[in-house]
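So that we are looking at the same thing, I have put the structure below in C-alpha cells.
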Amino acid sequence: QAILIDGIVGNGAILAALVLGSRVSHWHIPFNLYTIPLYFLAAEFWHYIYHRLGHEVRVFWADHSIHHSSREYEFFTSWRLTPFTFAYKALTAIPLAMLGFGPVAFLLMAKGISFQTFIHTQRIGSMGWFDRWFCSPVNHGLHHACNPQYIDKNYGGMTVIWDRLLGTFMLPGEETVKFGITKELHTNNPFKIWAFEFKYLLADLFHAPGLSAKIRVL
C-alpha cells in the first residue's frame, strides 16, 4: 500500500509540480542525445537537494527519519517509505522545471534513483573506485549511520558527484558504522515509528514562545 501511494500519489504530485514550473517559464531544454547528460546531472542535483533538506530541515527530518529508523541495513530498509516525502520532492522540483527541463523527461531520468533499493545491504563490501563516484552499499550505508561524524553525509542518488562538489562526501573510517537514528525507538509498531520524531517536534513547537520561535523550530 505504501509503495502504491508513493508510486501514484507521490509521482503524480512531482509531475504536477514540474508541469507548473514549466508553464511559468519561457525556457525549454530539449531532451535528446546531446542533452541527456545535462538532464542526468540536473536529476542528480534535484535528488541531492530534496534529500539534504530531508535531513537538515527539522520538519522534513521528522518525516525522513522513518527511513533511517532501522538498526539494520538490509534490503527491506529501503522499503521504509515515508508518508510525506513527495511534498518536498515536489517543492524542490519546481525551480528545475522553471530552468527549462521537460517534466516527463526529467522525471524519467530521476527514476534512476530506484536502483538504491538494491544497495541497502551489508553483503557487499568495498567496491574500490566505484565507492568514490557512485552510490554503493558502503557509502550509502554510511549515510544510514548515526555515528556523529557520519551524520548528514552522502546524499547522492545514483552518483556522489554533488556530494563531492558540495562537501558532504565521506567514506567510512576506522569506527564501526552504527545504523539507525540517534534516539532509541523501543517499538516495532509502524504507526509509532511514523509518529516518533513528529512527537518531539510538536512538543518543541508547542513550548516555543511566539511565531518566530515556532518557525525556527520547524
Test: Asp152 and Arg52 ion pair at under 4.0 Å: no
message: What I want to find out is whether Lys183 reaches Glu197 closely enough, with some N-O distance under 4.0 Å, to be called a salt bridge.
response: yes
task: Report the C-alpha distance between Trp46 and Phe106 in whole Å, list the side-chain angles of each, state the deciding distance to 0.1 Å, and finish with yes or no for ring-ring contact (aromatic ring centres under 6.0 Å, His included).
output: CA-CA 10 Å; Trp46 173 58; Phe106 181 84; 5.7 Å; yes
- line: Rounded to the nearest 0.5 angstrom, the NZ-CG distance for Lys89 and Leu53 is 13.0 Å
query: For the ring pair Trp194 and Phe198, is the centre-to-centre distance below 6.0 Å?
result: no
- prompt: Distance from Ile119 atom CD1 to Phe75 atom CZ, nearest 0.5 Å?
  reply: 12.0 Å
- line: dist Phe134:CZ -> Trp129:CH2 (nearest 0.5 Å) comes out at 5.5 Å
- prompt: Can you list every pair that meets side-chain hydrogen bond (donor to acceptor under 3.5 Å, both in side chains) and has a residue in residues 31-44, with sequence neighbours left out?
  reply: Asn32-Thr35, Glu44-Thr159
- prompt: To which residues is Val24 joined in a hydrophobic cluster, defined by side-chain heavy-atom contacts under 4.5 Å among Ile, Leu, Val, Met, Phe, Trp and Tyr, whether direct or through other members?
  reply: Leu20, Ile94, Met98
Distance-only criterion, 3.5 Å: show the donor-acceptor pairs between side-chain atoms of residues 165-181 and protein atoms not counting sequence neighbours.
from, atom 1, to, atom 2, distance (Å)
Thr168, OG1, Tyr48, OH, 2.9
Thr168, OG1, Asp163, OD1, 2.5
Glu175, OE1, Gln149, NE2, 2.5
Glu175, OE2, Asn147, ND2, 3.0

field: His67 NE2 to Ser78 OG distance, which is reported to the nearest 0.5 Å
entry: 7.0 Å
message: Can you see whether Lys111 engages Asn11 through a side-chain donor-acceptor pair at a distance of less than 3.5 angstrom?
response: yes
query: Pick from His144, His64, His143: which one makes a ring pair (Phe, Tyr, Trp, His ring centres under 6.0 Å) with Tyr155?
result: His143
field: Sub-4.5 Å side-chain heavy-atom contact between Arg71 and Glu184
entry: yes
